[in-house]
Every structure is written in structure tokens, then in C-alpha cells.
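Within every chain, numbering begins at 1; the chains are lettered A, B, ... in the order of the sequence lines, protein sequences first and strands thereafter.
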Protein chains: 2
Amino acid sequence: MPTGRPREFDVDERLDRALDVFWRQGYEGTALSDLTAAMGINRPSLYAAYGNKEALFRKVLDRYAEGPAGYVRDAVAEPTARAVAAAILHGAIDVVTGGPGGCLFVQGALVTGRQNETARREIEERRRFSERMLADRFERARDEGDLPPDTDTAALARYVWSVSYGLSVQAAGGASREDLRRVADTALNALPGGAPADPPPDA
Amino acid sequence: MPTGRPREFDVDERLDRALDVFWRQGYEGTALSDLTAAMGINRPSLYAAYGNKEALFRKVLDRYAEGPAGYVRDAVAEPTARAVAAAILHGAIDVVTGGPGGCLFVQGALVTGRQNETARREIEERRRFSERMLADRFERARDEGDLPPDTDTAALARYVWSVSYGLSVQAAGGASREDLRRVADTALNALPGGAPADPPPDA
DNA sequence: CCAATTGTGTACCGATCGGTATTGAACGCG
DNA sequence: CGCGTTCAATACCGATCGGTACACAATTGG
């Protein structure tokens with residue numbers, strides 16, 4: 001129970017509005033005036049509650065990772081490597097076609113001017129984290145015999161993420177969920193074991 | 001032979017320097033001061049020679065399409081659908097790992113603030129053009145019997161571009177040429193006809 | 001050599017950028 | 001009530017944004 005005047009807005013709720021703006025316009029494309037307008041608070045309130053623009057962006061990235069990008073956490077819990085890959089691609093499609101368009105970890109900042117390199121590196125770090133998570137999961141699958149022993153698990157993980165990132169780019173260009181579903185189905189054909197519609201060759 | 005004082009720099013050569021900056025920093029991340037510094041000319045000279053920032057960016061996109069992205073034009077001339085796809089992915093890898101990092105048509109602007117939407121749409125149009133070009137090529141391949149009659153050529157083209165865009169994102173994160181080659185090889189496994197290392201099933 | 005034309009360099013424009021100082025209002029506590 | 005504390009709102013900060021006015025240098029045509 002802190003003393004003093006109580007805050008007149010919900011920090012988490014307004015953070016979601018900030019996420020929406022960063023997601024739609026990227027880090028560099030978003031001005032503080034955009035944020036304050038969308039969040040319905042004044043500039044000093046924003047600085048008091050979240051720090052500066054960079055700190056707010058970091059909080060937004062965390063929220064995005066736990067919320068819209070939470071499907072990654074769930075995906076690696078799938079029982080088979082193929083199911084994991086499918087869950088990642090299908091989860092990505094839901095996110096990139098459901099929200100403002102694309103994945104924040106891709107749209108947010110691929111490149112930046114000199115000043116905003118911190119934000120770019122921050123976002124890059126999140127991508128790397130997800131990539132490592134998937135590579136570890138595939139390595140486990142190989143150890144369990146779920147993937148062939150000679151599988152290049154790192155390359156396979158990179159492949160799945162490449163497709164996923166590509167889906168995000170296409171979503172930014174207006175591709176529909178159905179379009180992307182067909183892409184994902186095609187992509188899954190490349191996994192060891194072949195197409196999922198046909199039963200595995202040893203069945 | 002125009003009268004008046006002759007220009008002291010080569011327009012095309014300096015345009016390449018502008019390309020380098022936009023490529024590395026994106027449209028929004030690039031300030032006019034970055035451009036004039038890299039191009040070695042003053043601001044009024046830039047405006048006299050290229051128009052404004054948007055017009056310069058458009059010229060840069062054209063130059064990129066003819067230069068670094070010229071591999072797409074060559075790729076669709078390959079004899080088979082598989083060779084076309086392989087040429088696109090391998091060509092993309094050379095570009096995204098050779099230049100400043102990534103593909104300008106991806107890095108340049110996936111999202112923007114309100115003011116720079118024109119540049120975003122411009123770049124989006126270029127992507128769409130390449131996508132249609134590949135889809136048309138795959139359609140021809142299907143008509144020629146090079147692809148199965150039930151092939152969803154549009155989806156296949158979107159798949160190849162998805163992987164390619166993903167390679168660009170990964171290159172921005174520091175992936176090496178060898179890393180991306182393995183991704184491309186995996187991706188090509190998804191094409192009708194299976195893996196290229198093994199001879200086709202009817203051989 | 002003179003006039004017309006065009007590029008170069010400096011210095012500047014209003015607008016907007018991210019970030020803050022300051023004032024006054026709203027609370028808990030004594 | 002008074003007091004310390006915290007938030008809200010206005011108004012402002014220097015820096016930088018994209019873009020340009022203006023004076024001067026360099027060239028061609030007469």
C-alpha cells in the first residue's frame with residue numbers, strides 16, 4: 001500500500017496498447033507521440049511507469065514473448081519433432097495473421113540507424129533464444145530416436161525458423177491464413193519422414 | 001552537351017553508396033546526413049540529382065533489383081523447377097551473406113511509421129513482383145510436365161520465397177553462408193521429387 | 001569578355017524527435 | 001487539519017529530422 005496519489009491507469013493494460021503500436025510500426029517507426037496517444041497517457045506518466053522508449057520496448061518484447069509468442073513454449077512440449085515443427089509453423093501463422101501483421105521479433109527491427117542499435121540487438125537476442133530452444137528440442141528428438149541419428153538438428157531448427165520468419169514477411173505483405181497454411185504444409189514435407197498426409201514409409 | 005557547370009561526381013557510383021546505407025540501415029533508419037556523408041556530396045546536390053529521400057530510395061530499389069537481386073531474373077531461366085528453386089535460394093544466400101547483411105527488399109522496410117508508408121509500399125510491390133514471377137515460372141513448369149499436374153504453384157512459389165525471406169532474417173542475425181546452405185538444402189527436400197542427392201524415383 | 005545556365009557550399013527553415021522541469025492535484029498518515 | 005509523497009498536465013529543452021534559399025564557382029554559347 002504505497003502512500004501518495006494512486007496511478008490512474010493500469011500499467012499492464014496500457015502496455016498492451018504499446019505492444020500494438022510497436023508491432024504495427026516497428027521500433028524506429030514509432031514515435032513517443034504515437035505511444036502516448038495510443039496508451040492514453042501523457043509523456044511524463046510514460047517515463048515514470050516504464051522508463052524511456054527503449055525500456056518500454058523491452059517490456060513490450062517480454063509481454064510479446066509471454067503472450068502472442070507463447071506458442072513457442074508450448075510447441076516444444078509436443079511429443080514428436082514433426083509435431084513440434086507443425087505447432088511452431090501453425091502457431092506462427094495464427095499470430096502473424098491475427099495481430100497487426102507479422103511477428104514482432106521480425107517486424108520490430110531487422111536493421112536500424114546508429115542510435116537504435118540497442119533495440120535491434122535486443123530483438124535479435126530474442127530470436128536467438130527461440131532458435132536455440134528449438135535446436136535443443138530437435139537434439140533431444142534425435143537422441144530419443146525420433147529423428148535419424150545423422151540429423152543436423154541445428155540446421156533443421158534454422159530451417160523451421162526460416163520458414164516461420166518468411167511467413168511473417170509474407171503476412172506483412174497481406175498473405176492470408178490459408179495462403180500461409182499451404183506454405184507450412186509444403187515446408188513440413190522437408191522434414192525427415194516425408195509428407196504427413198501419406199503414412200510413414202515403414203507403416 | 002548541356003550548358004552550365006558540370007557535375008563533379010558520378011551519379012550512378014554515388015547511388016551505389018546510397019544503396020549500401022539503405023541496405024544496412026533500412027529506410028527509416030537512414031538519415032539524410034548518413035546519405036550525404038556516405039555519398040560524399042552535399043544535401044542540395046543530392047536533391048538536384050535524385051529528388052528527395054523517397055525518390056532516391058526508389059532509384060536505389062531499382063538498382064538493387066538489377067544488381068544484387070539480378071539473380072532472380074537469371075534463376076527463372078533455369079530449365080527445371082527444382083533448378084529454379086535452387087538458383088533462387090543459393091543466389092539469395094550469396095546476396096544476404098555477401099552484402100551488408102540480408103535482402104534490401106526485406107530489411108528495407110517491413111513496417112513503418114505513418115509518414116514513411118510510401119517507402120514500405122514501394123518495397124512491398126517489389127516483393128510481390130518477384131513472387132508473381134516465380135509463380136508464373138512454376139505454372140509453366142507444371143504445364144510442361146516438370147511439376148505434377150496437381151501442384152499448387154502459387155503455394156510452392158510462396159514457400160520458396162518464405163524460405164528466402166527467412167534466410168535474409170537469419171543473415172541479419174549473423175548466420176554464415178554454410179549455415180544457410182544447409183537450410184536451403186533442407187528446404188529443397190520439400191519440392192515435388194524429393195531430395196536431390198538421391199536420384200529421382202524414376203531414374 | 002559577357003550573359004546565361006547549372007552545380008557547389010553554407011547557412012538556415014519549420015517540424016518533430018526523445019526526454020524533462022515544473023506546477024498543482026490527489027492520496028495515506030499523523 | 002497539515003505534511004510528505006506520488007501522480008498528472010502543461011510547457012519546454014536541445015538535437016535532429018527532411019528540405020531549401022541564397023551566394024558563389026564553373027562551365028557553354030555568343
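- The minimum heavy-atom distance between A/Ile93 and A/Leu180, with the atom names listed, is CD1-O, 3.3 Å.
- Under the salt bridge (charged side-chain N to carboxylate O under 4.0 Å, His left out) criterion, A/Asp179 pairs with A/Arg182, B/Arg158, not counting sequence neighbours.
- A/Thr30 comes within contact range of the sugar-phosphate backbone alone, with a heavy-atom separation under 4.0 Å but no base atom that close.
- A heavy-atom distance below 4.5 Å is found between the side chains of A/Pro192 and A/Leu156.
- For the pair B/Val60 and B/Ala18, the tightest heavy-atom approach, listed with the atom from each and the gap, is CG2-CB, 4.0 Å.
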Pick out the pairs of N or O atoms, protein on one side and nucleotides 4-8 of chain C on the other, that lie under 3.5 Å.
{"unit_1": "C/dT6", "atom_1": "O2", "unit_2": "B/Arg5", "atom_2": "N", "d": "3.3"}
{"unit_1": "C/dG7", "atom_1": "O4'", "unit_2": "B/Arg5", "atom_2": "O", "d": "3.3"}
{"unit_1": "C/dG7", "atom_1": "N2", "unit_2": "B/Arg5", "atom_2": "NH1", "d": "3.1"}
{"unit_1": "C/dT8", "atom_1": "OP1", "unit_2": "B/Glu8", "atom_2": "N", "d": "3.0"}
{"unit_1": "C/dT8", "atom_1": "OP2", "unit_2": "B/Ser45", "atom_2": "OG", "d": "3.0"}

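- Rounded to a whole Å, the CD atom of A/Glu54 is 13 Å from the C1' atom of C/dG19.
- A stem is defined here as three or more consecutive Watson-Crick or G-U pairs, each with both distances under 3.5 Å; for DNA chain C these stems are C:1-30 with D:1-30.
- Atom CG of B/Leu56 and atom P of D/dG19 are 10 Å apart (whole Å).
- Screening residues 20-40 of chain A for salt bridge (Lys or Arg N to Asp or Glu O under 4.0 Å), with sequence neighbours left out, gives A/Asp20-A/Arg24.
- What separates CD of B/Gln25 from C1' of D/dG18 is a distance of 16 Å, to the nearest Å.
- For residues 153-178 of chain B, the ring-ring contact (aromatic ring centres under 6.0 Å, His included) pairs, not counting sequence neighbours, are B/Trp161-B/Tyr165.
- If you take OH of A/Tyr50 and P of D/dA8, they are 10 Å apart, rounded to a whole angstrom.
- Among residue pairs with one or both ends in residues 88-108 of chain B, those qualifying as salt bridge (Lys or Arg N to Asp or Glu O under 4.0 Å) are B/Asp94-B/Arg177; sequence neighbours excluded.
- B/Gln25 and A/Thr112 share no side-chain donor-acceptor pair at under 3.5 Å.
- If you take CG of A/Leu46 and P of C/dG18, they are 11 Å apart, rounded to a whole angstrom.
- Taking a 4.0 Å limit (strictly below) on heavy-atom distances, residues 116-125 of chain B does not reach DNA chain D anywhere.
- Rounded to whole Å, atom P of D/dA8 lies 16 Å from atom OH of A/Tyr47.
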Collect all protein-nucleotide pairs involving nucleotides 13-16 of chain D in which both atoms are nitrogen or oxygen and the distance is under 3.5 Å.
none

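- When the C1' atom of D/dC12 is taken as reference, atom CG of A/Leu32 falls 15 Å away, rounded to whole Å.
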Name every donor-acceptor pair, under 3.5 Å, that has one atom in a side chain of residues 133-141 of chain A and the other anywhere in the protein, sequence neighbours excluded.
{"unit_1": "A/Arg137", "atom_1": "NE", "unit_2": "A/Val76", "atom_2": "O", "d": "2.8"}
{"unit_1": "A/Arg137", "atom_1": "NH2", "unit_2": "A/Glu78", "atom_2": "O", "d": "2.7"}
{"unit_1": "A/Arg137", "atom_1": "NH2", "unit_2": "A/Pro79", "atom_2": "O", "d": "3.2"}
{"unit_1": "A/Arg140", "atom_1": "NE", "unit_2": "A/Glu144", "atom_2": "OE2", "d": "3.2"}

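- Taking the salt bridge (charged side-chain N to carboxylate O under 4.0 Å, His left out) definition, one finds that B/Arg17 meets it with B/Glu13, sequence neighbours left out.
- Taking 3.5 Å as the limit, the base of C/dG9 and the side chain of B/Arg43 contain no donor-acceptor pair of atoms between them.
- The neighbour count for A/Phe9 CZ, taken as heavy atoms of other residues, nucleotides or ligands under 6.0 Å away, is above 12.
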Donor-acceptor pairs are to be reported for all side-chain atoms of residues 61-69 of chain A against protein atoms at under 3.5 Å, with residues two or more places apart or in another chain.
{"unit_1": "A/Asp62", "atom_1": "OD1", "unit_2": "A/Arg126", "atom_2": "NH1", "d": "2.6"}
{"unit_1": "A/Asp62", "atom_1": "OD1", "unit_2": "A/Arg126", "atom_2": "NH2", "d": "3.3"}
{"unit_1": "A/Arg63", "atom_1": "NE", "unit_2": "A/Asp16", "atom_2": "OD1", "d": "2.5"}
{"unit_1": "A/Arg63", "atom_1": "NH2", "unit_2": "A/Asp16", "atom_2": "OD2", "d": "3.2"}
{"unit_1": "A/Tyr64", "atom_1": "OH", "unit_2": "A/Leu104", "atom_2": "N", "d": "3.1"}

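- Rounded to whole Å, the distance from CG on A/Asn52 to P on C/dC17 is 16 Å.
- The two residues B/Ala109 and B/Ile123 make their nearest non-hydrogen contact at O-CG2, 3.3 Å.
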Kindly list each side-chain donor-acceptor pair under 3.5 angstrom involving residues 44-53 of chain A, sequence neighbours excluded, with atom names and distances?
{"unit_1": "A/Tyr50", "atom_1": "OH", "unit_2": "A/Val11", "atom_2": "O", "d": "2.8"}
{"unit_1": "A/Asn52", "atom_1": "OD1", "unit_2": "A/Glu54", "atom_2": "N", "d": "3.4"}
{"unit_1": "A/Asn52", "atom_1": "OD1", "unit_2": "A/Ala55", "atom_2": "N", "d": "3.0"}
{"unit_1": "A/Lys53", "atom_1": "NZ", "unit_2": "A/Tyr27", "atom_2": "O", "d": "3.1"}
{"unit_1": "A/Lys53", "atom_1": "NZ", "unit_2": "A/Thr30", "atom_2": "O", "d": "2.8"}

